[in-house]
Amino acid sequence: MIQAARTLDVGLCLNILTNHDIFSAISEDGATIEHLKVDVLGDYWVAIFKDDQVFGVAQFKQLYSKCFDCHIHILPEHRKHSNDAGAALLKWCKQNMPNSLLCAHVPVFCVNVIEFLKKFYFNEQGTLKNAWTKNGKQNDMKVLTKEVK
């Protein structure tokens, strides 16, 4: 069974985030590993695991009193567990961040991520034009939100 639990292990988070496929997907042009900021005390970092094997992390960064910017990172070889990981994360959020709003910013070309979020009833709120630089091009970002009850 896939589970989610808060972690204070910066090294564990960095191990996932510095995976070549993940880092190349999440970083803007010109970013280096030194740009990664993992604040396990100020943000909620949640490990996603099965049978004691961690295969992903999620970050919930507080924007306002009940609004959290969220990012999920799953190692490529474990993405077959993405739906179960999403369900485990939402269960964790309901237990630890009730009555909050999750907010995700996703590049428009990441259609699979947008569809993943919609499976969990994230709603599109709009588009930030030219907000993110990737591959030498300014890209639009979709803003999606979900209420946690």
Side-chain angles (χ1 to χ4, degrees), residues 2-50 52-126 128 131-134 139-149:
I2 306 296
Q3 296 181 305
R6 186 168 185 190
T7 183
L8 299 175
D9 187 339
V10 174
L12 180 140
C13 297
L14 286 172
N15 187 47
I16 301 291
L17 295 173
T18 57
N19 169 276
H20 174 72
D21 291 329
I22 290 176
F23 186 76
S24 65
I26 66 171
S27 60
E28 263 193 296
D29 287 356
T32 66
I33 290 173
E34 290 77 28
H35 290 101
L36 288 175
K37 303 286 188 258
V38 177
D39 179 1
V40 295
L41 297 177
D43 302 337
Y44 292 115
W45 282 88
V46 179
I48 307 161
F49 57 96
K50 180 179 181 180
D52 295 328
Q53 180 186 12
V54 175
F55 63 86
V57 293
Q59 177 192 24
F60 298 95
K61 182 179 185 69
Q62 193 167 19
L63 297 174
Y64 309 105
S65 63
K66 288 289 194 171
C67 181
F68 295 84
D69 185 31
C70 59
H71 303 274
I72 180 173
H73 312 284
I74 298 175
L75 293 171
E77 62 270 22
H78 294 281
R79 291 191 179 148
K80 62 186 174 221
H81 301 300
S82 292
N83 289 337
D84 291 335
L89 284 169
L90 284 179
K91 180 180 175 184
W92 185 90
C93 288
K94 287 177 184 179
Q95 293 170 346
N96 295 279
M97 301 181 337
N99 304 311
S100 61
L101 181 71
L102 302 180
C103 181
H105 298 86
V106 183
V108 295
F109 60 80
C110 294
V111 177
N112 59 335
V113 176
I114 294 168
E115 292 305 313
F116 169 78
L117 292 170
K118 286 182 177 180
K119 283 183 189 176
F120 292 98
Y121 303 102
F122 275 72
N123 298 303
E124 286 190 39
Q125 299 301 326
L128 300 171
W132 195 63
T133 306
K134 190 68 170 180
N139 294 277
D140 296 346
M141 298 284 274
K142 288 278 184 196
V143 178
L144 297 100
T145 62
K146 176 179 179 51
E147 290 184 51
V148 175
K149 297 188 182 216

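Keep in mind it's a predicted model, so treat the numbers as computed, not measured.
For the pair W92 and R6, the minimum side-chain heavy-atom distance is below 4.5 Å. Looking at L102 and L90, their side chains come closer than 4.5 Å, going by heavy atoms from C-beta outward. K134 has its side chain within reach of D29: a pair of non-hydrogen atoms, C-beta onward, lies under 4.5 Å apart. Using a 4.5 Å heavy-atom cutoff, the side chains of F122 and C70 are in contact. Proximity of L17 to F23: side-chain heavy atoms (C-beta onward) are nowhere separated by under 4.5 Å.
For the residue pair I114 and P107, the shortest heavy atom distance occurs at CD1-O, 4.0 Å. When all heavy atoms of I2 and A85 are compared, the pair lying nearest together is CG2-CA, 3.8 Å. Nearest heavy-atom pair, A47 versus L12, reported as atom, atom and distance to 0.1 Å: CB-CD2, 4.3 Å. Nearest approach of A87 to F120, heavy atoms of both residues: N-CE2, 3.5 Å. Taking each heavy atom of C103 and C67 in turn, the nearest pair found is CB-SG, 4.4 Å. Pairing each heavy atom of F49 with each of V54, the nearest pair is CB-CA, 3.8 Å.
With values rounded to the nearest 0.5 angstrom, I72 atom CD1 is found 12.5 Å from Q59 atom CD. Within the model, atoms CD of E147 and NZ of K66 stand 12.0 Å from one another, a figure rounded to the nearest 0.5 Å. Note that CG of D39 and CG of L8 are 10.5 Å apart. Values are rounded to the nearest 0.5 Å. Distance check, rounded to the nearest 0.5 Å: OG1 of T145 to CG of L117 gives 10.5 Å. Note that CG of L75 and CD of Q53 are 8.5 Å apart. Values are rounded to the nearest 0.5 Å. Atom CG of L14 is separated from atom CG of D9 by 9.0 Å, given to the nearest 0.5 angstrom.
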Walk me through whether N83 and F116 qualify under side-chain contact (heavy atoms from CB on, under 4.5 Å). CA-CA 8 Å; N83 289 337; F116 169 78; 4.1 Å; yes
Might you work through the side-chain contact (heavy atoms from CB on, under 4.5 Å) test for L101 and L63, ending with a clear yes or no? CA-CA 10 Å; L101 181 71; L63 297 174; over 6 Å; no
H71 and I26: side-chain contact (heavy atoms from CB on, under 4.5 Å), yes or no, with the steps? CA-CA 10 Å; H71 303 274; I26 66 171; over 6 Å; no
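Between the side chain of D43 and the main chain of W45, no donor-acceptor pair closer than 3.5 Å is present. A donor-acceptor contact shorter than 3.5 Å is absent between the side chain of K146 and the backbone of K118. Between the side chain of E28 and the backbone N or O of T133, at least one donor-acceptor pair lies under 3.5 Å. Proximity of a side-chain donor or acceptor of Q62 to a complementary backbone N or O of S65 within less than 3.5 Å is detected.
For the side chain to side chain contact (heavy atoms under 4.5 Å, CB included) test with V57, the passing option among I48, I16, I22 is I16; the others fail.
By the salt bridge (charged side-chain N to carboxylate O under 4.0 Å, His left out) test, K142 pairs with E124, sequence neighbours left out.
Using cut-offs of 30° and 60° on the angle between ring planes, the pair H81 and F55 is tilted. Ring pair Y44/F68 is tilted by interplanar angle, where 30° to 60° counts as tilted.
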